[in-house]
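The structure appears right after this line, and notes come after that.
Any value given below was found using the heavy atoms of this structure, including those in side chains, with hydrogens, waters and symmetry copies removed.
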Amino acid sequence: MRAALWFLGLFGVAVAIALFAGNNQGTITVFWPPYRVDLSLNLVVLLLALFVLVLHVALRALAALFAMPGHARSWRIQHQERAMHVALLDALSHMMAGRFIRARKAAEVVLARESAMARSGETLVYSARLRALSHLLAAESAQSLQDKVAREDHLRQSLEQASRHDAQETCEGVQLRAARWSLEDHDAQGALQWLNELPQGASRRTLALRLRLQAARMAHQTQMALETARLLAKHRAFSEVAAPGILRSLALDLVLTAYDPDQLQTVWGQLDEAERLMPEVAIEASSRLLKVGGDIELARHWLLPVWERMLAQPGALTDAQRISLIRALESSFAMATGTPEATWLTRIERAQMANPADSSLQYLAGITCMRLQLWGKAQQLLQQSLPRLQDVSLERNAWAALAELADRRGDVVAATQAWKNAAKITTSA
């Protein structure tokens, strides 16, 4: 269709020229004393067209001639840019391949070429970012080569370039790398200082939070580490399996930092509700509260949710957690001066009656009855629990309790035998 339109157009032009020039009798006379020149109108029109064409070609040639220096300059800049980009790619490739010396040399080539361009008066729009990244690659290579002097020098220059207005977006990346290098040097305080200098938005990114978690744990700042781990768990930076384990470990570490009852209660108040319900955390916190001479009733109150969970959800606690819970409750009963365990005795009796085959609950019920001076019932429960107790320490404590009960009623033979059995278990363990 387009070719047909062009053909029609050309045909129309040809017809117009034929009509205009075929019968055109016009002439143009040029007087140039003492001469007179007569020219036909068609010839004059043709000469004018040729003059315009020649003038156009001449102007184009002059424009191309005057543009040659600019084209040469553009070619030189493009050549330098390509060479710098190739060197930058070489630096990255060598870095990933573990050839750190070559990576640093390639990064230095980029810097040298960029400096040569700057001295010649050519400035790239992204020159600051290019220099910052090149210095960063050189510093990364120096870090891998354990060349701390070169690393610090390139890091300083990278920060200087990244602090410029046209390269501020790379500054955060340089600071994050510096924090990672501090962690590799086991300088936790240095890493935290780098992370604290980040803007608020950048400091809450997953990468920054991971680095902060590592630095806080290395610096033994457990509270900061726990708060950071909570943020990471909220951002789903951990898997569903790993997140509870990390939070539990940090919560336990935080509990272990308390050395008096008031400090321990403060730590407990800093834990989230989900962390308080973790069996290991609650058991460790209550046991530690008892060790430092804290409130016994408060320790049992911390254990109550774990106890209720154990009864409401069979299998929710592992065997080790169940044993630890029973030991903690036993310790609280042993440290009590009066007889405030009646409420707990009711709970334990109900649990034991609901689970008559559970030897650990029978053992705990027997120990509680001893505290309430229910000697006969205590002896019966302890004797019933002994054949099925799987934990060595509980079995040893059961024999020791039976020995005390025998001593109380004056049965020397039974007491001696019970002490012997407890001693055998201790020796075999």
Side-chain angles (χ1 to χ4, degrees), residues 1-93 105-137 157-158 160-171:
M1 185 65 183
R2 182 178 298 178
L5 293 175
W6 273 105
F7 178 76
L8 292 175
L10 290 174
F11 181 77
V13 171
V15 171
I17 292 175
L19 292 175
F20 175 76
N23 297 319
N24 188 2
Q25 301 298 324
T27 60
I28 295 178
T29 303
V30 178
F31 294 93
W32 190 279
Y35 303 102
R36 171 182 171 178
V37 180
D38 292 327
L39 299 172
S40 68
L41 181 60
N42 292 341
L43 179 60
V44 171
V45 171
L46 180 61
L47 291 175
L48 287 174
L50 289 175
F51 175 75
V52 171
L53 179 61
V54 171
L55 181 62
H56 174 71
V57 172
L59 291 176
R60 290 289 299 272
L62 288 174
L65 179 63
F66 290 126
M68 287 182 66
H71 289 316
R73 174 176 172 272
S74 299
W75 182 87
R76 288 195 305 269
I77 295 175
Q78 187 179 27
H79 177 71
Q80 290 291 339
E81 281 187 290
R82 288 178 178 176
M84 286 189 296
H85 293 163
V86 170
L88 188 62
L89 291 175
D90 289 340
L92 289 171
S93 300
K105 289 181 178 179
E108 291 172 350
V109 168
V110 178
L111 293 170
R113 287 186 175 275
E114 198 281 330
S115 298
M117 289 186 63
R119 287 193 300 269
S120 64
E122 307 294 345
T123 303
L124 298 175
V125 178
Y126 53 89
S127 60
R129 284 186 293 171
L130 183 64
R131 288 194 295 268
L133 290 176
S134 300
H135 281 299
L136 183 61
L137 286 173
Q157 296 184 66
S158 180
E160 289 177 358
Q161 298 300 325
S163 61
R164 296 179 56 176
H165 178 70
D166 54 346
Q168 290 182 350
E169 62 271 13
T170 61
C171 184

Return the [atom1] to [atom2] distance between [X] and [Y], rounded to the nearest 0.5 Å.
| X | Y | atom1 | atom2 | result |
| --- | --- | --- | --- | --- |
| Arg82 | Arg113 | CZ | CZ | 13.0 Å |
| Thr170 | Leu130 | OG1 | CG | 10.5 Å |
| Arg131 | Glu114 | CZ | CD | 4.0 Å |
| Leu124 | Met84 | CG | CE | 4.5 Å |
| Leu136 | Gln161 | CG | CD | 12.5 Å |

Discussion item. The criterion is ring-ring contact (aromatic ring centres under 6.0 Å, His included); which residues satisfy it with His71, sequence neighbours excluded?
Written reply: none
Does the side chain of [Y] come within less than 4.5 Å of [X]'s, by heavy atoms?
| X | Y | result |
| --- | --- | --- |
| Val109 | Asp90 | no |
| Met117 | Arg76 | no |
| Ser74 | Gln78 | no |

Worksheet item: Which pair of heavy atoms, one from Ala162 and one from Cys171, lies closest together, and at what distance?
Response: CB-CA, 3.6 Å
Response to the item:
Heavy-atom closest pair (Ala107 atom, Ala91 atom, distance to 0.1 Å) is N-CB, 3.9 Å
Practice prompt. Answer yes or no: is there a donor N or O on one side and an acceptor on the other, between the side chain of Ser158 and the main chain of Ala132, under 3.5 Å?
Written response: yes
Discussion item. List the residues meeting side chain to side chain donor-acceptor pair (under 3.5 Å) with Glu81, not counting sequence neighbours, and say none if there are none.
Written reply: Tyr126
Worksheet item: Name the one of Leu111, Val110, Leu88 that satisfies side-chain contact (heavy atoms from CB on, under 4.5 Å) with Leu137?
Response: Leu88
Discussion item. For Phe51, I'd like to know if atom CZ has over 12 heavy atoms of other residues, nucleotides or ligands within 6.0 Å.
Written reply: no
Item to complete: Sequence neighbours left out, what passes salt bridge (Lys or Arg N to Asp or Glu O under 4.0 Å) with Arg73? Give chain and number order.
Response: Glu122
